[in-house]
Amino acid sequence: MRTLAIETASEACSIALFDGAKLLAHEHAVLGRGHAERLVPMIAELPGKGQAERILVSLGPGSFTGVRIGIAAARALGFAWGAKVLGYPTMALVAVRAWQSSPRGVTVCMNGGHGEWFIQNFAQDGGCDEVRSLAPEAAKLACEHDAIVGNRAEELAAMFSDGKRALNLLPDASKTNLLHETQLTTDLSPIYGRAPDAKPQAVRAPQ
């Protein structure tokens, strides 16, 4: 079975095409912005234009726009190809990247916007607590492990005086084969980690 993986939740935009467990092709670009313009052309450059029987897509948390772009593309391609579309948590993907050499407890710390960080603790056996968007001082209190990974790992580790180990990592679609099947879901609802910035307008009372 061929699997197309799509990761757009962070400043990185990455795609990967697998045949079973074998990685056929991938691209990973740190864009900051512009995922909407780059994603489809990147997929089109894959062997067979990326067509697959299964699609994996990041559900976040991360960039609201990036997450929505990835999910929309996965839904559209899934419909066009008759492919099964499954979502996965971005924080879990970062955690499994850190487990490539050996499983260990890790705290994942990623940019959450508005001066906050997304933080989530993963135990060695794969169990985890709930992802939260916290101010740096609150994130420090929530950090449970000596190993910190993610694109805000170095900043969080620097807040401690006891030598926390930091590994600067971004989510990468080419590592989605490391995810356990239990981390995949047919529910493609975005994982925002915090309330959306936009607030509904108040309903005006009749005059």
Taking transitive links into account, so neighbours of neighbours count too, which hydrophobic residues share a cluster with Trp117 at under 4.5 Å side-chain distance?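 Noted: Trp117 shares its cluster with Ile119, Leu134, Ile148, Leu156, Met159, Phe160.
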
Using the side chain to side chain contact (heavy atoms under 4.5 Å, CB included) rule, take Leu17 and His26 through it: C-alpha gap first, then chi angles, then the decisive distance, then the call. CA-CA 6 Å; Leu17 183 65; His26 77 284; over 6 Å; no

Is there a chain of hydrophobic side chains (I, L, V, M, F, W, Y, each step under 4.5 Å between heavy atoms) that links [X] to [Y]?
{"X": "Ile43", "Y": "Ile71", "result": "yes"}
{"X": "Val57", "Y": "Val40", "result": "no"}
{"X": "Leu46", "Y": "Trp81", "result": "yes"}

Provide the closest heavy-atom pair for [X] versus [Y] in the form atom of the first, atom of the second, distance.
{"X": "Tyr192", "Y": "Pro61", "result": "O-CB, 3.6 Å"}
{"X": "Cys13", "Y": "Leu31", "result": "CB-CD1, 3.6 Å"}
{"X": "His28", "Y": "Ala12", "result": "CE1-CB, 3.5 Å"}
{"X": "Gly78", "Y": "Ile55", "result": "N-CD1, 3.5 Å"}
{"X": "Leu23", "Y": "Ala16", "result": "CD1-CB, 3.9 Å"}
{"X": "Ala95", "Y": "Val106", "result": "CB-CG2, 4.1 Å"}

At what distance, to the nearest 0.5 angstrom, does [atom1] of [X] lie from [atom2] of [Y]?
{"X": "Leu170", "Y": "Ser10", "atom1": "CG", "atom2": "OG", "result": "4.5 Å"}
{"X": "Thr3", "Y": "Leu86", "atom1": "OG1", "atom2": "CG", "result": "9.0 Å"}
{"X": "Asp172", "Y": "Leu178", "atom1": "CG", "atom2": "CG", "result": "10.0 Å"}
{"X": "Glu53", "Y": "Leu4", "atom1": "CD", "atom2": "CG", "result": "11.0 Å"}
{"X": "Met110", "Y": "Ser133", "atom1": "CE", "atom2": "OG", "result": "12.5 Å"}
{"X": "Leu184", "Y": "Arg54", "atom1": "CG", "atom2": "CZ", "result": "6.0 Å"}

Ignoring hydrogens and angles, tell me if any N or O in the side chain of [X] forms a donor-acceptor pair with the backbone of [Y] under 3.5 Å.
{"X": "His180", "Y": "Thr182", "value": "yes"}
{"X": "Thr8", "Y": "Ile69", "value": "no"}
{"X": "Glu116", "Y": "Pro136", "value": "no"}
{"X": "His35", "Y": "Gly70", "value": "no"}

Among side-chain atoms of [X] and [Y], is any donor-acceptor pair under 3.5 angstrom?
{"X": "Asp187", "Y": "Thr185", "result": "no"}
{"X": "Glu7", "Y": "Ser58", "result": "yes"}
{"X": "Asn121", "Y": "Asp129", "result": "yes"}

Any pair counted as salt bridge (charged side-chain N to carboxylate O under 4.0 Å, His left out), so long as it reaches residues 144-155, sequence neighbours left out: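 The answer is Asp146-Lys164, Arg152-Glu155.
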
So [Y] and [X], do their side chains get closer than 4.5 Å, heavy atoms only?
{"X": "Pro89", "Y": "Ile191", "answer": "yes"}
{"X": "Ile15", "Y": "Leu39", "answer": "yes"}
{"X": "Phe118", "Y": "Arg132", "answer": "no"}

Start with the C-alpha gap between Phe122 and Gln120, add the side-chain angles, then the distance that decides, and say whether side chain to side chain contact (heavy atoms under 4.5 Å, CB included) holds. CA-CA 7 Å; Phe122 290 82; Gln120 191 169 19; 3.5 Å; yes

For the NZ atom on Lys84, are there more than 12 heavy atoms of other groups (residues, nucleotides or ligands in this structure) within a distance under 6.0 Å?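 Count not over threshold, so no.
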
Output, in order, the C-alpha distance, side-chain angles, deciding distance and verdict of side chain to side chain contact (heavy atoms under 4.5 Å, CB included) for Arg75 and Leu188. CA-CA 9 Å; Arg75 287 183 185 276; Leu188 300 183; 3.4 Å; yes

Determine whether Phe18 and Arg2 satisfy the following criterion, side chain to side chain contact (heavy atoms under 4.5 Å, CB included), listing intermediate values before the conclusion. CA-CA 5 Å; Phe18 296 89; Arg2 284 200 172 189; over 6 Å; no

Could you tell me whether Arg38 and Glu45 have a side-chain N and a carboxylate O separated by less than 4.0 Å?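 Glu45 and Arg38: not salt-bridged.
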
